[in-house]
Amino acid sequence: MSACYSFGKHLVKGSQVFFRSGLSFGFVNRKPVLPGHILVSPLRVVERFRDLTNDELADLFQSTQIISKVIEQEYNATSLSIALQDGPDAGQTVEHVHVHVLPRKPEDFKANDEIYDKLDEHNQVNFDGDEKANWRTETDMSKEAGRLRELFDDVYTKPV
Ligand code: AMW
C-alpha cells in the first residue's frame with residue numbers, strides 16, 4: 001500500500017488501508033459506529049457524488065461490493081447498512097466521497113434506523129472538544145487493516 005492516502009483534508013496512513021483498486025481504496029475507520037465499520041473512497045479527492053467520473057463510480061461501487069461481502073462474513077454479520085452522506089446537510093463532514101459499510105446483526109439496535117442517528121452523532125465533537133480522545137490508536141487500526149488485507153486477492157492489496 002502507498003505511504004499515505006488523501007481523504008479530504010485528512011491523510012490516511014497506508015497502514016489503515018486494506019484494499020486498493022485502480023481508482024478506489026478501502027480503509028478502517030478511526031471512530032467506528034460498530035465493529036467492522038469501514039469506508040470506501042475514490043483515490044481522487046472528489047467532494048460530491050455527482051462529481052465522480054463514470055469509471056470512478058463503477059470502480060467505487062464494484063469495490064464496495066467486493067469489500068462488503070468480506071466485511072459481512074468477517075464480522076459474523078447477517079446484513080449490511082451501506083450509506084453515503086452526500087453534502088453537509090446530509091451529514092457529510094469530510095469533503096471527499098466515501099461509502100460507509102456497517103455490518104449489521106439481529107437486534108443490534110432497538111430501532112433499525114437508529115444506525116443513522118448514530119452515524120450522525122459519531123462525527124460530532126464532544127462538548128469538551130477533545131475529539132482525538134475518541135479515536136482508535138494507530139496500532140489498533142493497523143492490526144484490523146492487516147487482518148482484513150489477508151482476506152482479499154493479492155491484486156487488491158499489493159503495494160503500488
Ligand atoms: W461523513 O460524516 O463525512 O459521512 O463520515 C466521515 C467518516 O470518516 C467518519 O466515519 C469518521 O470517523 C471517518 N474518518 C474521518 N477521518 C478519518 C481518518 N483520518 N481515518 C479514518 N477514518 C476517518
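Atoms within each ligand, like the ligands themselves, are counted from 1 in listed order.
Residue H100 places a heavy atom under 4.0 Å from ligand 1. The closest approach between V28 and ligand 1 falls below 4.0 Å for a heavy atom of the residue. Heavy-atom distances between H122 and ligand 1 reach below 4.0 Å in at least one pair.
Of all heavy-atom pairs spanning L119 and A83, the tightest one is CD1-CB, 4.0 Å. Scanning all heavy atoms of the two residues, the minimum distance from V33 to H122 falls at CG2-CG, 3.6 Å. Nearest heavy atoms, R104 versus I115: NH1-CG2, 3.5 Å.
Of the polar atoms of G91, at least one N or O is found under 3.5 Å from an N or O of ligand 1, judged by distance alone.
The backbone N or O of A111 sits less than 3.5 Å from a side-chain atom of E114, completing a donor-acceptor pair.
Residues satisfying the ring pair (Phe, Tyr, Trp, His ring centres under 6.0 Å) criterion with H100, sequence neighbours excluded, are H37, H98. For D86, the salt bridge (Lys or Arg N to Asp or Glu O under 4.0 Å) partners at least two apart in sequence or on another chain are R48.
Counting only non-hydrogen atoms, the option in V33, D86, L39, I38 that gets closest to atom 8 (O) of ligand 1 is L39. Between K13, H37, K31, R30, it is R30 that holds the heavy atom closest to atom 17 (C) of ligand 1.
Of the protein's heavy atoms, T93 N, 2.6 Å lies nearest to atom 3 (O) of ligand 1. Atom 2 (O) of ligand 1 has N123 ND2, 2.4 Å as its closest protein atom, hydrogens excluded (heavy atom only). At the shortest separation from atom 6 (C) of ligand 1 among protein heavy atoms lies H98 NE2, 3.4 Å. Nearest protein neighbour of atom 14 (N) of ligand 1, counting heavy atoms only, is F7 CE2, 3.8 Å. Of the protein's heavy atoms, N29 OD1, 2.7 Å lies nearest to atom 12 (O) of ligand 1.
Between L84 and V97, the closest side-chain pair of non-hydrogen atoms falls below 4.5 Å.
Listed by number with element, the atoms of ligand 1 under 4.0 Å from a non-hydrogen atom of Q16 are 20 (N), 21 (C). Contact atoms of ligand 1 toward Q85: 1 (W), 2 (O), 4 (O) (distance under 4.0 Å to a heavy atom of the residue).
Each of L23 and F61 belongs to its own hydrophobic cluster when Ile, Leu, Val, Met, Phe, Trp and Tyr are linked at side-chain heavy-atom distances under 4.5 angstrom.
Note on R136 versus E144: salt bridge recorded, some NZ/NE/NH1/NH2 to OD/OE distance being below 4.0 Å.
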